[in-house]
Amino acid sequence: FSPSVLGTREHWDAAYERELQTFQDIGDTGEIWFGEESMVRIIRWLEKHKVPLDSSVLDIGTGNGVLLVELAKSGYMNLTGIDYSPSAIQLSEKVREKEGMSNIKLKVEDFLAPSAELSGFDICIDKGTFDAVSLDPSDAVGKRKLYVGSLCRVLKPEGFFLITSCNWTKEELLNEFREGFEILEELPTPKFCFGGRIGNSVTALVFQRK
């Protein structure tokens, strides 16, 4: 991929500062990455596979924290969201407060250099964070490797990793996560038709840590 401002912390700090201001002004929680159906898809998979409600869940790059709120409304109790942007965590704290979900844990953390206490999760979820890492103008390849290493550290063996991406195909993601992970399932995502060929604008996969 070409390097992009979307891969920089400065971009996300500025974006979430704007969203935080908007939330304080009019109560709008901001953008839901990949739309509401992406959250429904994740929750439906967890419910279908009878993932226990007390499983520890980490939302990598939580942004406004709306996914965690929806998980809490579905009965999940052990929820943590991290983001390297302090403004994103401030926003997600306000959203959590508004929704009365005091049991959601939120922390400013850089997933590429996670703190020691970030470990032992049953489930990790990524909606667009790996995409952003892949656009980093400084050594995106190295940062993708760091990401996979961090995922191996924070996710328990046999734990599940649910990733939603608009930059990567299924085959490319299988290659990126080939070390330490195996594919369990591809989740259905909206299809489009262009020039007589059918494709997906979004890829959603479930991996299991070996």
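No hydrogens, no waters, no symmetry mates; every other heavy atom, side chains included, goes into these values.
One distance of note links OG1 of T80 with CG of D59; it measures 9.5 Å at 0.5 Å rounding. In this structure, CG in L146 is found 9.0 Å from CG in D110, a value given to the nearest 0.5 Å. For the atom pair CG of L187 and CG of L205, the computed distance is 7.5 Å after rounding to the nearest 0.5 Å. Annotation: the span from T203 atom OG1 to E172 atom CD amounts to 8.5 Å, rounded to 0.5 Å. To the nearest 0.5 Å, atom CZ of residue R178 and atom CD of residue E176 are 7.5 Å apart. To the nearest 0.5 angstrom, L68 atom CG is 5.0 Å from I104 atom CD1.
At distances below 3.5 Å, at least one donor-acceptor pair connects side-chain atoms of S150 with backbone N or O atoms of F111. Checked by atom type and distance alone, the side chain of D126 pairs as donor or acceptor with a backbone atom of G128 at under 3.5 Å. A distance-only check finds a donor-acceptor pair linking the side chain of R41 to the backbone of P188 [under 3.5 Å]. Without hydrogens or angle criteria, E109 side chain to S115 main chain gives a donor-acceptor distance under 3.5 Å.
Shown here for L184 and Q208, the closest heavy-atom pair between the two residues is CD2-OE1, 3.8 Å. Nearest approach of G75 to L53, heavy atoms of both residues: O-CB, 3.5 Å. Scanning all heavy atoms of the two residues, the minimum distance from S74 to I43 falls at OG-CG2, 3.5 Å. Pairing each heavy atom of D139 with each of G142, the nearest pair is OD1-N, 3.0 Å. Nearest heavy-atom pair across T189 and A204 is CG2-CB, 3.7 Å. In this structure, S119 and A116 approach most closely via the heavy-atom pair OG-O, 3.7 Å.
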Between side-chain atoms of residues 151-159 and protein atoms elsewhere (two or more places apart, or another chain), which donor-acceptor pairs fall under 3.5 Å?
residue, atom, partner, partner atom, Å
K156, NZ, D122, OD1, 3.0

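In this structure, the side chains of V57 and N78 stay at 4.5 Å or more apart for every pair of heavy atoms. A heavy-atom distance below 4.5 Å is found between the side chains of R144 and V141.
Looking only at atom types and distance, the side chain of D136 has a donor-acceptor partner in the side chain of S138 under 3.5 Å away.
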| request: Take T62 and D83 through the side-chain hydrogen bond (donor to acceptor under 3.5 Å, both in side chains) test and state the conclusion after the steps. | output: CA-CA 6 Å; T62 196; D83 205 292; over 6 Å; no

| field | Residue pair S165, L173: steps toward the side-chain contact (heavy atoms from CB on, under 4.5 Å) verdict | value | CA-CA 9 Å; S165 168; L173 287 171; 4.2 Å; yes

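Surrounding NZ of K50 are at most 12 heavy atoms belonging to other residues, nucleotides or ligands under 6.0 Å away.
Applying the salt bridge (charged side-chain N to carboxylate O under 4.0 Å, His left out) test to pairs two or more places apart or on separate chains, those with a residue in residues 66-82 are E70-K73, K73-E99. Pairs of residues two or more places apart, or lying in two chains, that qualify as ring-ring contact (aromatic ring centres under 6.0 Å, His included) and include a residue from residues 42-63 are W45-H49, W45-F160.
Note: F207 and F177 have tilted aromatic rings, judged against thresholds of 30 and 60 degrees for the angle between ring planes.
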